[in-house]
Structure formats: C-alpha cells, structure tokens
Amino acid sequence: MRIENIEISNFRQYQKLQLKFGKRTGHGDLHIILAKNGVGKTNVLNAITWCLYDSEMHLCDKYTASEKLNNKYVQELRDSLPEGGNAIGEASVRILFASDDSTERIRFQRVGRFNVTDSAVVPVNSKFTIMHYADGEWNSIETDEDTLALVKKYVPEEIHEYIFFDGEHLEAYFKAGQSVNIKNGIEELTQAKILEKSEKAFNSYVTDVLSPLLSKSSNKDVSDAQTELDNIQEAIDASQSAIDEYTTQINSCDNQIADLDAIINGHVNVADKTSRLKAVEGLIDEYKDKIDKKNTQIMSFVREYTQYFAMYSSIKSLYVYIQEQDKHGKLPPRIDKFLLESIEKHKHCCVCDQPLSDHSFNFIEELKKELEVSSETSALLNKSVVMLRQYLSKIASYKTQRDTLYQELSDLKTDYEKFIEEERQINVYLMSIPNTDEITKAIDQKKEFRKTRDDIVAKRGVEEAHKKELEDQYSVQEKKLKSLIDKNKQLEKVNAQSEYCKKCRNIIKQTRLDLLSECRSEMETETFEMFSSLLWKKNAFTKVEILEDYTFRLLDNYGFQTLGSCSAAERALLALSFTLALQKVSMHDSLLFIDTPIGRVDDDNRLNFVETLCNISNSKQVILTFTPTEYDQSVCAALADKYSTFSTLTIENGITTII
C-alpha cells in the first residue's frame, strides 16, 4: 500500500494543508518535501503517527511540546469566547492509502477534540474512523476490532519504525537498543508473537489452573509431588533466565571488544597485527584446553599404573611359579578335546595321517577321560597365565608410555609458551605505535573485557550444567507424580489435560524457535545481499550476523565486528537494508517515509545515498523531506526528473502552507 494524499487541519503549524503523492508514469514512486528547519517537516510524520496510532512518535521532547491544536486557530476561538467561557476546537488528520493499481483504498481519519479556555487547551477525546474502498464502493468500518485489524494489517504500530523514519533515528538505528529494535521487528513481522502468546496461554493454564488442582489435592503424596515439580520448574526457569542473561553479557563483551578492535584497526600497519593477535588468542585458548586434557590423561595414566606397581611383586611371583611348574611337567596337559573327538569319530589320526589301530583307539578314549578331570584346571591356569602376561607386558611398557605422554605435554607447553610470547610481542608492538594513549587504553580495556567474558562463559557453563541437573530431576519427579496419579483415578483426567497442554506448549515453542531461527538466517543473507548491492564501497564487509539474543553484527574481511566504526551513511544504509530485508522476508511490503535522510551523511557519500534511495523508489513508495541546506545543487541535480511529486513548504505568521 502507498499513501495517495494527506489532509491536515488545525494540527500544530498546519491550519489547512493537503499533500498529494501521485505517481507519474515512467518515474519512480519518489516524493520530495522541501522546507526550512522549523517549518514543520517532522510534524508531517507526527501527524501521520497521531492519526494512525494516537501518538506523536517523532517529537523532540513530548513533555515540553505545545498542544496539538494550531495556535492561530486557538487564538481565533479565544477571541470569540465569552468571559470565563470555553469552546471546543478540533484538529484532524486524514490519510488515504491505496494499492498500486488503486483497486483497494483505505482512508484513515482521526479527529481530536480540545477544550479551549482563556488560559488552557485541554484534550477531550479523539475519534478514529476508517473507510474501506473495495469492489467499487466505500464502506465504513464500524467495530473497534475491525478498525484495529486493518491498521495492524497495513501499518501495524509495532513496526512503525520500519516505515516512518527520521534521519537521526536512521543513523543511530544500531547504536542504542539495537537488539530490542531487531527483536521487535522480526517477531512482529513473522507473527512469532502470536505463537508466543499461544505458548504462554497453554503454560498459564497448566501452572495457574491444572497444577494447583494437583498441588492442593487431598492426596498428600500427589500434592507434595506436584509442589516439588512446580519448585523444580521454577528453578529451571530461573536457571534459563540466568543463562540468557549471561549470553547477553557475553555478546555485550564481544561488541565492546569489537569496538576496541575498531579503534586499534584505525591505525596504520595495525590491521594485520590485530588480525594475527585474534588468531593467536584463539590458539592460546586451544592449547590451554589441550594441556588441561593432557594433564588429565597423565593423571589417569598414573592412577592406573599405581595399581599395577602395587601388585607387581605378587603378579611376578605367581607367573614365575606357574612357568616353573609347567617346565617340570607338573601342570595338567594342554590337550585339544575337539581334536580328540574328531580323531575318534573318523578313526583316523589328523596328525600322522594314519588309520587308528585298536590300541590307538583305546588310548584316545583313556586320554579323553583324563581330559575331563584336568580340563578345568588347565583352562583356569592357562587363562591366569595370559592375564599375568598382559599385566607384565603393560608394566614393561610403562616407561615408554610415560615418556611419550610427558613429551607430548612438553611439546604442548612449548607451543603454548610460544603463542603467549607472540601475543606479548604483538601487544608490545600495538602499544608502541603513535597515539599510544588511545591504543594502550584500548588494548588494556580489551584484556579486561576478554577476562570478564571468560569469567561469564565459565559461569554460563556452570549454570547450563545446573539446568541439566534440574531437568533430570524434573523428569524423575514427573514420572513419580504420574505413578501416583495412575493410582488415583479422580486425578487422572487432570493429569491427562496437563500432559496434553504441555505437549501443545512444547510444539508451539519449538515451532516459534524454528521460525525465528530460519527468519534470522534469511535476514542475515538478505540484509547483507541488499547492503552489498546498495553499498558504494565494495568488498569492505563479508557478513551480517544476527545472534540468538538479536545482537546485530557486521563483519569485515578480518572477521571483526565493524558496526561501531561504520560511517553515519553506512549505518543509515545498513538500517535501510535491514528494513527492506525484513519487509521482504516477512512479505509485509511497506512504504518508506524518511525525514532528512542525509542530514548526518558526510558530503562524500551524500550523492551515493541519494542514488540508493532513488533505486529503492523503483520498487516501493519513498517519501523524503529535505532542508534547503541538504538539498544543494549536487543533490538537486542527482534527483532531477527522478521524482513523481515535489512540494515546498513555507511558514508565515505561524502557519505552514505549500508554495
């Protein structure tokens, strides 16, 4: 949908103003409003958001702002007031939206009523109405529910910041509260919030309705089991909240480190050193982990051989004794029973390949009888000999294994020390470059943040292990409760409802998480592709990342976060790219209204930024406001014959009009 026109009456500087945004054939859907500061460009935005959402979302300071009702109109009302009397004044804004082919139109209108006295202007109420044009006729939308539904469908308040921008907001989009902006945008436009509400509804029904029925049951065992289950669930929720908070803190540290890296990278010959420093820091962590694992392996090896050496004297004596007894023929013979049975069966000797004589046959039978007596003893002794030989062999290999393990540990420590030294040398180098105060401070702060991050990662690991233990306890307690309920038919129905609701809740939760994960992945790809295609400085960046807590990252060729060091123009362009990608992924294609888009863009990038906005207007409506200073000769030339409408605003005696 696009805006066809806006009618403003008695709203701030506007006593009677109409802005039309017709689209010219062969031109982009680009519209320009030109006005000096103080004339009321931003109040066009405020008029729109007041009409749609009953809130002026672009006031500099809402606490000190004057009333919405136009001052000249207020004075006219006061001039005709009887002494001590009052009058009702009205301000209104009407906005006509239309589809690209104009087959569908929606007219939003808000009329605000104000009580005017000699000393005050007091809001009374405001009325919001919608007229909907479809199938060749206009229809009034009667119910509040239908009214809200149409606003949410076409210009939802939750995503107004992805439709109506001011230049400062656009440039500072990723500076403060970025994760909240991104989270709200993705969750609203993907309808994930609807799933979240459903998930909470099922969870509330379980915790507020069904669980109390069990925890307050007359059956004490069931009551106690449910109470314990509720307590474990509360502990799990608290643990998850702690994990989420640790994750947010880790990402915050990463962003702080990235900002410090940007300071360090901003100096000559530092980028390569900084890149290597990052790699070395990773190798230090890797080798530290390897050394810990090798020490654990050595301790295990020592514990194992401590047992072997404690038993060595007994093992050796027993092994020698058995060998001596065997040498003197005092051990039972080792005879293959199955070989004897085969010879007897076929009456043929497999050893000498001769038929058995009667004497030989009788000898085989006697041998088998002897074997019955001695086989168990032989088997036991033979098995013992094998085990004893293995022990002795293991002990014999002790020195070799020990030397190997300690050599491996020594090699790891050597490499570790080498990387520690390299890290020290790089830091010394970085601290020795010009502007040492800033760089030294950055390096020291980076070390502090890395240490803080490592501590938080360790805490998160402990909390994750704690949560796993709680989940295991929950599973055991849940089975216990089910077992108790199975013995109580009266509570069986309640438990069945509870299990059903939990399954529904878990399915919805997993669906929501999968949806958001897929959306974040698509958003990363789409944002970077759009940013790269619109960016005038090519090959400077390699990737956009949106983390699970919605932290936004723009990585350079070295894999560093660069958002903090981007220019105002690059940040504004990235915000535009993110907005366009979000609209595309969510299939909620909206117009863009940007107040003073190049006010904070440096001169070198202004024309590139203007050209980008022109390109965007080929696929959607773009409304831009400029001051004369911004709309200089170069910008004027760049936009010449590319816009569909051009409006110039002027102010006289406090009233803004179109020239």
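Values below: all heavy atoms of this structure, side chains included; hydrogens, waters and symmetry mates excluded.
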Original post:
Backbone N or O of Ile546 within a donor-acceptor pair of the Glu524 side chain at under 3.5 Å?
Top reply: yes
**OP:** Step through it carefully: locate the ring centre of Phe646, locate the ring centre of Tyr643, and say whether they are under 6.0 Å apart.
**Re:** yes
**OP:** Quick one: pull up CD1 in Ile32 and OG in Ser644 and give me the separation to the nearest 0.5 Å.
**Re:** 10.0 Å
**OP:** Keeping to residues at least two apart or across chains, list the side-chain hydrogen bond (donor to acceptor under 3.5 Å, both in side chains) pairs with something in residues 504-520.
**Re:** Glu199-Arg512, Asn203-Arg505, Gln510-Asp514
**OP:** Spell out, as yes or no, whether a donor-acceptor pair under 3.5 Å connects the side chain of Thr117 to the backbone of Asn86.
**Re:** no
Original post:
Under the 3.5 angstrom rule, does the side chain of Glu630 hit a backbone N or O of Thr627 as a donor-acceptor pair?
Top reply: yes
Original post:
Counting N and O atoms only, with roles assigned by atom type, does the side chain of Ser80 sit under 3.5 Å from a partner on the main chain of Leu77, one being a donor and the other an acceptor?
Top reply: yes
Subject >> Heavy-atom pair with the smallest gap, counting every atom of Ile651 and Gly38 >> reply: CD1-O, 4.1 Å
Original post:
Tell me, do Tyr73 and Val116 make a side-chain contact under 4.5 Å, heavy atoms counted?
Top reply: no
**OP:** Calculate, to the nearest 0.5 Å, the distance between atoms OH and SG belonging to Tyr246 and Cys253 respectively.
**Re:** 12.5 Å
Original post:
Are any of the side-chain nitrogens in Lys16 or Glu7 under 4.0 Å away from the carboxylate oxygens of its partner?
Top reply: no
Subject >> Heavy-atom donor-acceptor pair, Thr645 side chain to Gly22 backbone, under 3.5 Å >> reply: no
Original post:
Counting only N and O atoms by type, is there a donor-acceptor contact under 3.5 Å from the side chain of Ser198 to the main-chain atoms of Ile194?
Top reply: yes
Original post:
Which residues satisfy the side-chain contact (heavy atoms from CB on, under 4.5 Å) test with Thr650, sequence neighbours excluded?
Top reply: Thr657, Ile659
Original post:
Out of Thr656, Asn71, Asn43, which one pairs with Gln13 under the side chain to side chain donor-acceptor pair (under 3.5 Å) rule?
Top reply: Asn43
**OP:** Measure the CD1-SG distance between Ile8 and Cys51 for me, rounded to the nearest 0.5 Å.
**Re:** 9.5 Å
Original post:
Minimum heavy-atom separation for Gly85 to Leu81, with atom names?
Top reply: O-CD1, 4.0 Å
**OP:** Check whether any side-chain heavy atom of Ile623 lies under 4.5 Å from a side-chain heavy atom of Ile594, and answer yes or no.
**Re:** no
Original post:
Where the side chain of Arg453 meets the backbone of Gln249, is there a donor-acceptor pair that is under 3.5 Å apart?
Top reply: no
Original post:
Just how far is it from atom CG of Leu613 to atom CG of Leu576, taken to the nearest 0.5 Å?
Top reply: 6.0 Å
Original post:
Can you list the steps and then say if Arg2 with Asp29 is a salt bridge (charged side-chain N to carboxylate O under 4.0 Å, His left out)?
Top reply: CA-CA 9 Å; Arg2 57 187 305 280; Asp29 203 355; 2.7 Å; yes
Original post:
How many angstroms lie between atom OG of Ser577 and atom CD of Glu570, to the nearest 0.5 angstrom?
Top reply: 11.0 Å
Original post:
Between Trp50 and Arg12, is there a cation-pi geometry (under 6.0 Å to ring centre, at most 45° from the normal)?
Top reply: no
**OP:** Decide yes or no for Phe541 and Phe528: does some side-chain heavy atom of the first lie under 4.5 Å from some side-chain heavy atom of the second?
**Re:** yes
Original post:
Is Lys20 reaching over with its side chain to a backbone N or O of Glu4, donor-acceptor style, under 3.5 angstrom?
Top reply: no
Subject >> Close side-chain approach of Asp595 to Val44, heavy-atom, < 4.5 Å >> reply: no
Subject >> Any side-chain donor near an acceptor of the partner, Thr147 and Asp144, under 3.5 Å >> reply: no
Original post:
In Å and rounded to the nearest 0.5 Å, what is the CG to CG distance from Leu639 to Leu30?
Top reply: 6.0 Å
Subject >> Evaluation steps, side-chain contact (heavy atoms from CB on, under 4.5 Å), between Val622 and Phe593 >> reply: CA-CA 6 Å; Val622 178; Phe593 190 127; over 6 Å; no
Original post:
Mind checking what makes side-chain hydrogen bond (donor to acceptor under 3.5 Å, both in side chains) contact with Asp244, not counting sequence neighbours?
Top reply: Gln240
Subject >> Sidechain-backbone polar pair: Gln621 side chain, Ile3 backbone, donor-acceptor under 3.5 Å >> reply: yes
**OP:** Check whether any side-chain heavy atom of Thr247 sits under 4.5 Å from a side-chain heavy atom of Leu547, and report yes or no.
**Re:** no
Could you give the side-chain donor-acceptor pairs of residues 123-136 under 3.5 Å, partners two or more places apart or in another chain?
from: Ser126; atom 1: OG; to: Arg110; atom 2: NH1; distance (Å): 3.2
from: His132; atom 1: NE2; to: Glu104; atom 2: OE2; distance (Å): 2.9

**OP:** Just grab all the ring-ring contact (aromatic ring centres under 6.0 Å, His included) pairs involving residues 105-126, residues at least two apart or on different chains.
**Re:** Phe97-Phe108
**OP:** Without swapping roles, check the side chain of Arg113 against the backbone of Ile88 for a donor-acceptor pair under 3.5 Å.
**Re:** no
Original post:
Would Glu529 and Thr525 satisfy side-chain contact (heavy atoms from CB on, under 4.5 Å), going step by step from the backbone distance to the final call?
Top reply: CA-CA 6 Å; Glu529 287 182 358; Thr525 302; 3.4 Å; yes
Original post:
What pairs meet the salt bridge (charged side-chain N to carboxylate O under 4.0 Å, His left out) rule with one or both residues in residues 633-655, with sequence neighbours excluded?
Top reply: Arg24-Asp641
